[in-house]
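Take a look at the structure below.
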Amino acid sequence: MIVLGIESSCDETAAALVRDDGEVIADVVASQVAEHAPYGGVVPEIAARAHLRALIPVLDAAVSSLDGGMDQVDAIAVTNGPGLVGALLVGVSAAKALAFATGKPLIGVNHLDGHLLAPFLRRGSGEETPPAFPYIGLLASGGHTAIYRVNTPREISLVGQTRDDAAGEAFDKVAKLLGLGYPGGPVIDRLAKEGDPSAHDFPAPMPSRKNPDFSFSGLKTAVARHVRTHGVPTTEQGMKDICASFQKAVVSVLANKAVAACEREGISTLALGGGVAANSGLRARAKALCDKKGLTLCVPSIKSCTDNAAMIAYAGCVRYANGERDDEVTPYSRDPKRLRGKFRADGSFVPRKR
Ligand code: KG4
Ligand code: ZN
């Protein structure tokens, strides 16, 4: 089975072809980073217009990698939320039109399911080991930061989430404060490698391992206060030190809470996902903690962590193989169905009382 995936929820226009065993046949991503960089963040109206320009060439590039083109595609999967509604509409409209014109089934995919199932993508490096169910998924991106229990691809429950900013948003805002440009994650990651993480004592936000929620806005304020008092570092080493200290505070709390969730839920596998999972400090910290606790860590390739359509195609494959298809696919901005709670041994779900 081959599924075409389409992704346009934020600032990446993407199309991909994936087999039901996770093999990635084509994976095309057109980034809008340059268009949003002058504003220091994603501008929804610019994103929607850029998707309109990029989508057809991106789709053509992906589908042309099959000799039989669309004839070889079994179903079309598209991200329909959560995300920027104007941006989502572009991908959803194209997917609907293509499904109508070709008579192929259409499947709406939750973007977060895509990130959480990305460890199943096989890109031919030979190093990818898919996680065993159940696993804990730490999803940290520009728009979301949360811990999930993934019982099966169709049984995913929320364990904890950020109460304010997403981790990627904190990277981007701190980079903006320091005049490092957009997006902030990759540049802070690069500078932090040569910095001293103990140079500044930024507080690890909400550090209690018992509490599965996150908060990053206080940390961002601590960096802002430091910059107001001392100014932006004027030396290269000073900049590297502040990046390393900030990054350490973020990644330690992410990794500690994800590992604590594994222990609490009695689950021995942790998988990382989302753009922040590309961070070398987070990968190293999660590896060290998992080794210490005897847990298996699954870290997708960087291409599978940041936004892509292969993860959407794979999540679509899973739904299609399960006999599902959607007659109507409507974009939505916020995740409507993720509930905090627990799965019982028999698979039934018990929502947590608030
Ligand atoms: O998953 P993603 O591509 O898009 C969203 O769904 O949001 O994540 C983008 C976020 C941005 O905030 C970016 O700064 C962050 O991921 N990011 C990183 C790194 N690479 C991307 N953050 C920390 N370290 C990185 N190496
Ligand atoms: Zn994402």
Side-chain angles (χ1 to χ4, degrees), residues 5-14 16 27 29-33 36-37 39-42 44 47 51 79-84 87-88 91 109-119 121 137-146 148 161-162 165-178 180-193 195 216 219-220 243-244 246-255 271-286 299-312 314-315 333-335 338:
I6 299 175
E7 156 65 35
S8 71
S9 66
C10 190
D11 60 344
E12 244 81 57
T13 317
D27 183 14
V29 181
S31 174
Q32 306 173 1
V33 159
H36 299 289
Y39 306 94
V42 178
H51 285 306
T79 305
N80 62 324
L84 304 169
L88 287 163
V109 169
N110 181 303
H111 181 81
L112 309 180
D113 286 357
H115 275 303
L116 289 167
L117 298 176
L121 293 176
L138 169 66
L139 167 47
S141 71
H144 302 273
T145 295
Y148 296 93
Q161 66 184 330
T162 182
D165 293 351
E169 199 179 345
F171 270 97
D172 295 338
K173 285 179 176 169
V174 163
K176 194 173 177 186
L177 274 170
L178 296 173
L180 295 173
Y182 174 84
V187 56
I188 290 183
D189 190 359
R190 182 169 49 78
L191 293 172
K193 282 185 187 141
F216 294 105
L219 175 61
K220 177 192 66 193
C243 287
F246 161 77
Q247 180 171 294
K248 182 184 124 200
V250 177
V251 306
S252 65
V253 82
L254 286 173
L272 306 184
V276 179
N279 185 271
S280 58
L282 177 60
R283 288 169 169 246
R285 172 91 184 156
V299 189
S301 67
I302 291 189
K303 255 196 121 174
S304 296
C305 287
T306 51
D307 280 353
N308 64 86
M311 66 185 195
I312 303 305
Y314 182 75
S333 59
R334 291 196 173 271
D335 196 0
R338 201 77 65 201

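Residue indices begin at 1 and follow the sequence shown. One-based numbering, in listed order, for ligands and for the atoms of each.
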H144, portion touching ligand 1 at heavy-atom distance under 4.0 Å: neither
Side chain, backbone, both or neither: D307 near ligand 1, heavy atoms under 4.0 Å: both
H111 atom (N/O/S) at minimal separation from the Zn ion (ligand 2): NE2
Heavy-atom gap C10 to ligand 1 smaller than 4.0 Å: no
Interatomic spacing from CD in E12 to OG1 in T79 - rounded to 0.5 Å: 11.5 Å
Winner among A166, P82, G275, P183 once heavy atoms are compared against atom 8 (O) of ligand 1: G275
Over all atoms of both residues, closest heavy-atom pair of A255 and R285: CB-CG, 3.5 Å
Taking every non-hydrogen atom, the tightest pair across A167 and T145: N-OG1, 2.7 Å
Per-atom contacts, ligand 1 versus H115 - under 4.0 Å to a heavy atom: 1 (O), 6 (O)
Exercise: do Q161 and H144 side chains pair donor with acceptor under 3.5 Å: no
Atoms of ligand 1, numbered as shown, that sit under 4.0 Å from any heavy atom of G142: 5 (C), 7 (O), 8 (O), 9 (C), 10 (C), 12 (O)
Short N or O distance, G274 and ligand 1, threshold 3.5 Å exclusive: no
Validation row, ring centre Y39 to ring centre Y182 under 6.0 Å: no
Test of proximity, N279 against ligand 1: N or O pairs below 3.5 Å: yes
Spatial distance of atom NE2 (H115) from atom CG (L139) [nearest 0.5 Å]: 6.0 Å
K176 NZ to E169 CD distance, which is reported to the nearest 0.5 Å: 11.0 Å
Atoms of ligand 1, numbered as shown, that sit under 4.0 Å from any heavy atom of G143: 7 (O)
Distance (rounded to the nearest 0.5 Å) between S141 OG and H111 NE2: 6.0 Å
Distance filter under 4.0 Å to T306 heavy atoms, resulting ligand 1 atoms: 3 (O)
Numbering as shown, the atoms of ligand 1 that approach H111 to under 4.0 Å (heavy-atom distance): 6 (O)
Heavy-atom side-chain contact between P183 and D11 under 4.5 Å: no
Test of proximity, D172 against ligand 1: N or O pairs below 3.5 Å: yes
Nitrogen or oxygen of E12 less than 3.5 angstrom from that of ligand 1: no
4.5 Å side-chain heavy-atom contact, V253 and F216: yes
Proximal heteroatom of D307 relative to the Zn ion (ligand 2) (N/O/S): OD1
N308 CG to S301 OG distance, which is reported to the nearest 0.5 Å: 8.0 Å
Atoms of ligand 1, numbered as shown, that sit under 4.0 Å from any heavy atom of G168: 12 (O)
Whether H144 has an N, O or S atom under 2.8 Å from the Zn ion (ligand 2): no
